[in-house]
Participant: 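Right, I'll just put the structure down here and ask away after.
Only a predicted model underlies this, so the values are computations on that prediction, with no experimental measurement involved. Convention: sequence-line order gives letters A, B, ...; per-chain numbering from 1.
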Amino acid sequence: MAKNLRTKGSKFIDETTRVCFKFNGNKYFGFKGDTLASALLANNIHLVGRSFKYHRPRGIMTAGSEEPNAIVQINDNTAFTEPNVRATEIEIYEGLEATSQNCWPSVNFDIGGINNFLSPILPAGFYYKTFMWPASFWLKYEYFIRRSAGLGKSPKFPDPDIYEHKYIHCDVLVVGGGISGIMAAKISAKRGLKTLLVDENPNIGGSTIFQNSKYYKINNLTSSSWLENEIKEINKLENLTIKTRTSIAAFHGYNFLLARENLTDHLSANEKKNKVRQRLLKIRAKKVITATGSLERPLVFNNNDRPGIMLSSALKKYADFFGVACGEQNVLFTNNDTAYETAISLDQKGIKVNAIIDIRENSNSELSKEVEAIGIKIYRSSTVVDTYGYKRIKKISVMQLSTDGQSVKGQKIFINCDCLGIAGGWTPAVHLFTQSGGKLDFNEEDQIFLPKIYPSKQISIGSCNGDFELDKIINNTLKILKEFLEIDETEYDNIDVSGTRNLNKRNIWLLPSDKILGKTKPFVDYQNDATAKDIKLALREGFRSIEHVKRYTTTGMGTDQGKLGNMHALGIIADTAGVKMSELGTTTFRPPYTPLSFGTIVGRNVGEFFDIFRKTPMNDWHVKNKSKFENVGQWKRAWYYPNGNESMHEAVQRESKAARESAGILDASTLGKIDIQGTDASEFLNRLYTNSWTKLDIGKCRYGLMLNEDGMVYDDGVTTRLDKNHFIMTTTTGGAANVLAKLEDYLQTEWPELDVYLTSVTDHYATISVCGPNSKKIVSKVIPNLDLSEDNLPHMSFKNTTIDNIKCRVMRISFTGEQSYEINIQANYGISLWEKIMESGKEFNITPYGTETMHLLRAEKGFIIVGQDTDATLTPIDLQMDWIVGKKKYDFIGKRSLYRSDTIRDDRKQLVGLLTDDPKEVLEEGAQIVANLNKKPIEMLGHVTSSYYSPNLNKSIALAVVRGGKNMLGQKLFIPMENKSIIVTIVDPVFLDKENNRLNA
Amino acid sequence: MFLINCPFCGEREQSEFKAGGEAHISRPKQPTELSDDEWAEYLFMRKNIKGIQFERWNHSHGCRKWFNIARDTSNDQIKAVYKMGQKPPVI
Amino acid sequence: MLNYNSPLVKENSYSELSMKVINPIMKLIIRGKKREFLSGVGKAINMILPTESCTSSTSNDTTALWLSPDEWMILSNNVIDKNTNSYEQENHLINNISKINLGAVVDVTDQYVLINIEGKKIFDLLSTGCPFNFNDFRNKKGGVIQSLMAKIDIIVHHKEINNVNLLVRRSFSEHLYSFLSDAASRI
């Protein structure tokens, strides 16, 4: 068990720093620089998880972000837990605890493993087909399926980490720090371009940085030594920023990219304290150079998923970079020469390679000759037909391939191994390119999709552009960059590169076995347990589009989005259906390239920053006086002010009575205020509002209703004429920004000839409304120098005045039906004036009231609230507000729509008042109104829009919209509730003081 | 997320702007003269084509000015930006 | 006496970064399109309005920020008296502009809160929530832009190198200030 598979030292690993971590409860050691995967492999652990559907034992397959199998839960049962972490990416740190996912009770004994034996009855679409019927059983099925499905556990506690967003603008973004990315970054930065290089790994250098092969030389150095020098140089460049552990999640249009910069995931709990964990970088680049490299393909053959079966390139990386042998008896299985590189590398490290199985008839490359010279047995024109070993591969069986590659022949040979490296060629990582809207082209020779049409200023270089040999990579990269960056020469123009050519390739998407396909398990998508059989079944059942096959078989879904198996799925479909790959196309690669945690996506928009809040100038007073708050748009508004243990109902009843019987005070600062100036200001208002404005005298106020062009009520408010060419308009709290935008729209686009200027002054003023029979006495105490007589300041007029040398405006406008004074003063004096009024009003028991009481008081008067009693389907006629529509006016916004065939119907929903037969019964807002309870289906006539218990009338009142309600005065209707029907009578919507006597009381 | 070249402020992120629908639909000068159908044509009917579309945009979080753009709706490329009152460019 | 209440009483210092709310500063919005408007403003406050987009101009006591082709903000360079809200320059402008129908003059002194930010890390701070590309802006003083910070409208005036005035609407100022100080604490 505690075998150490470390080979002699690697310079990328700090063997002086031992790191202790736990996997499935057991303690292990690794070194600083190890990933969880390399540390586990060094401890001879391959089995790390169970597959999604069949719960088959699975091991580490890769050495990078494309890993489909080795995904683990980190720090389970803590607030810091994270599911679906790729063991191949997470760097170990002191105290790391990782556990296997998707297995119970343990990865070694998993009850779900029984699915593996049931697999003949669990084909593609099994869940779709089986659990649909009977429909009512779904809830029962779901309970069991949910328990046995799923990858990892979501955290139970709030995420304690800090995440941030950051905008970055650069001239050139280079994605991928392999050899071509490093060259591109240097060329770009040296030309004065602000350059950003990102790489998902902890170090840049890609696969070249551990390439010590004698076949690849640059300027007579091994490619790795040459690249090391380059990295030292670019680290000194001023215009270049290098961000490692940073992966691009999404590549959107206009070169807008999202990246996750991982700052602390590799640090121990102590080291990461109080640091930002991850940053979401919002990158805007003038030009993007994609150098994302390529991913090695597996081979699809029977039982190709056992722990110990890995990509050949991963074996090489674990040996050369991490200094870890993945097995002691290795076998390689390949369709190209790269496995021979792996064999030589392993041999140099003293790791035993038993054999190479090669599906090609021959290979005469230098590499193959060297392997033969070492004495490794090569089986040519052969394929692995089966593998053995449940929790770790033990043995493979091999047979000869027929000439057409579709069947096997000859004697079956058995070869022992504890690790099988598979090499199926390379797939360029074009994910980001296609995300950005790029179009691909299929290359028949290499059987790969390559970038063809670029939708923005971007280019692909290196192996993601289909160049796989070192000399081709370098020469093509230079050629492409010269054109892309519009330069004549680069610092690499005299570079001397030598490489070896691997031209001999043979591609078979689905390798044959001696058993028929129905009896084999050739996995195409490891994470989703989709096999070649499933794909063929989907085709047999009539699925043709690649997108449909994907959804039916789940191939290419999951956290790895099919990075390994997608090409095989396409190949098998193309072969089976007899179509060309180029015609078939690919499924869409969707962002994110690798999963992002929610924390990264939301950044600092949590807790107090979850949503923007706006506060009025008097906010501190409301807080101090224990107001309850309500969110209105983004505003925090005082809702009601409970006295001691008062309930909301009790507080509102008290506040409402006080406002009508003596005096109330309201913070109305949230109402939108727009300053309107210009010689055409009154003409402008005339065109905006339904009523006439030209004759409004200076110093007077008027209520206005604003429509959309479709004739529906949009906003309302009082506008005051301050001077001949100067008005101030108030809007609803929620509508302020939209009204201003609408007004600007008309001024700039429809009526540019009008001399009018609009300026928002909402935040400049504190607005305090004092109402009630004693309001005049209070205001006269506060502003003794102002004549409050009816002659000087009648209802719907205003006066400029000063309070203690501070200029302010006093308006006689009322939303409660009481005599009211609205004082507008510069915001920074607001709280002081409020306190002064409270002090002066003490003897009259002045009572602060909030939005709830305001709503109740206006409902008693039948005043509408736009957005509560209206919903963009009501005209002023529907609201019984015909009086405000200037019929003689030639035009105003929405006028023409008021006599469209639809808006003149009598049976439109119209605003009415409702009284309940039982005066104590308060209706629910939103409740439906019907006339006939027996007719089925029940016909809905309308609904309740506002409803309150009025303490001033001692009964329940409501406003409602009812179809044809205007002509139904006195009619009884029903409001069916859960356990009863409430009888209501339609009445006039004005419940209190129809004669408006209280305004001037 | 587009980058839009505001004719007054220069190139800015899309988040600073608000879209205002199809451009070059003028409000009729004499709405009262129009039939229901003609008014409905102005009020409701929009082309929403695939290809070059002329649109109104407002730099709502910047200079608050309205302007027009010519956008290819199939790939979101903005082919031209021009001020209110100017004729649409030939593309 | 009515007391003056600052919307925010805030001052914070971090490494290579400090933020401070400054008030009261007189702030006016002036708007106009005609040529006479520009000369009228020049006469009233003895300075030339910047007509190039996203720029500013400054005299001894006043700064003018370009906001739009027909809109400017006029700021006093120094704090003003808290016990009055009647400003000499506003009156001059009203008499020379709005009274003779050349444009509009609007007092917005309390509409905006002015946050002064100093230090080398100003633009690192702004990049945590503002999509604007400050790469060129940071190298020359006098620039003015309107954009969003943490989804809140802001005006940024590059007063001096390593010194920026940020203007935000009063009701949003508390939220924005705490967002900024939170971000600044980690820079």
Participant: Applying salt bridge (charged side-chain N to carboxylate O under 4.0 Å, His left out) to B:Glu13 and A:Arg284, what does each step give before you reach the verdict?
Facilitator: CA-CA 9 Å; B:Glu13 291 275 333; A:Arg284 209 42 109 155; 2.7 Å; yes
Participant: Between A:Glu744, A:Glu709, A:Lys895, A:Glu750, which has the largest tally of heavy atom pairs under 4.5 Å with chain B?
Facilitator: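 That would be A:Glu709.
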Participant: Under a 4.5 Å cut-off applied to non-hydrogen side-chain atoms, are B:Lys65 and A:Gln748 in contact?
Facilitator: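 Yes - at least one pair of side-chain heavy atoms lies under 4.5 Å apart.
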Participant: Do you know which of A:Tyr890, A:Trp751, A:Phe256 has the most heavy-atom pairs with chain B at a distance under 4.5 angstrom?
Facilitator: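 Option with the top pair count is A:Tyr890.
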Participant: Atom CZ of A:Arg896 and atom OG of B:Ser35: how far apart are they, to the nearest 0.5 Å?
Facilitator: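 That separation rounds to 7.0 Å.
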Participant: Sort B:Leu43 into side chain, backbone, both or neither according to what part of it lies under 4.5 angstrom from a heavy atom of chain A.
Facilitator: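 Just the side chain, heavy atoms under 4.5 Å.
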Participant: Taking side chain as everything from C-beta outward and backbone as N, CA, C, O, which of these in A:Ser456 sits under 4.5 Å from a heavy atom of chain B? Side chain, backbone, both or neither.
Facilitator: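 For A:Ser456, neither part sits under 4.5 Å from chain B.
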Participant: So how far is it from B:Phe44 CZ to A:Ser897 OG, rounded to the nearest 0.5 Å?
Facilitator: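 With rounding to 0.5 Å, CZ (B:Phe44) is 6.0 Å from OG (A:Ser897).
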Participant: Please examine the side chains of A:Pro455 and B:Asn75, heavy atoms only from C-beta on, and report whether any two atoms are closer than 4.5 Å.
Facilitator: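 SC-SC contact between B:Asn75 and A:Pro455 ruled out.
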Participant: I'd like to verify something: which residue of A:Asn708, A:Asp745, A:Leu740 has the highest number of heavy-atom pairs under 4.5 Å with chain B?
Facilitator: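 Greatest number of close heavy-atom pairs with chain B: A:Asp745.
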Participant: Checking heavy atoms, do the side chain of B:Ser60, its backbone, both or neither come under 4.5 Å from chain A?
Facilitator: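 No part of it gets close to chain A.
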Participant: Any side-chain heavy atom of A:Tyr254 sitting closer than 4.5 Å to one from B:Ile4?
Facilitator: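 No, every pair of side-chain atoms sits at 4.5 Å or beyond.
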Participant: Less than 4.0 angstrom from a charged side-chain N to a carboxylate O is my criterion; do B:Arg27 and A:Asp891 meet it?
Facilitator: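 The answer is yes: the pair qualifies as a salt bridge.
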Participant: Out of curiosity, A:Thr749 OG1 to B:Phe67 CZ, how far, rounded to the nearest 0.5 Å?
Facilitator: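 Taking OG1 in A:Thr749 and CZ in B:Phe67, the distance rounds to 13.5 Å.
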Participant: Please classify the contact between A:Leu758 and chain B as side chain, backbone, both or neither, with a heavy-atom cut-off of under 4.5 Å.
Facilitator: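 Backbone of A:Leu758 only, per the 4.5 Å heavy-atom cut-off to chain B.
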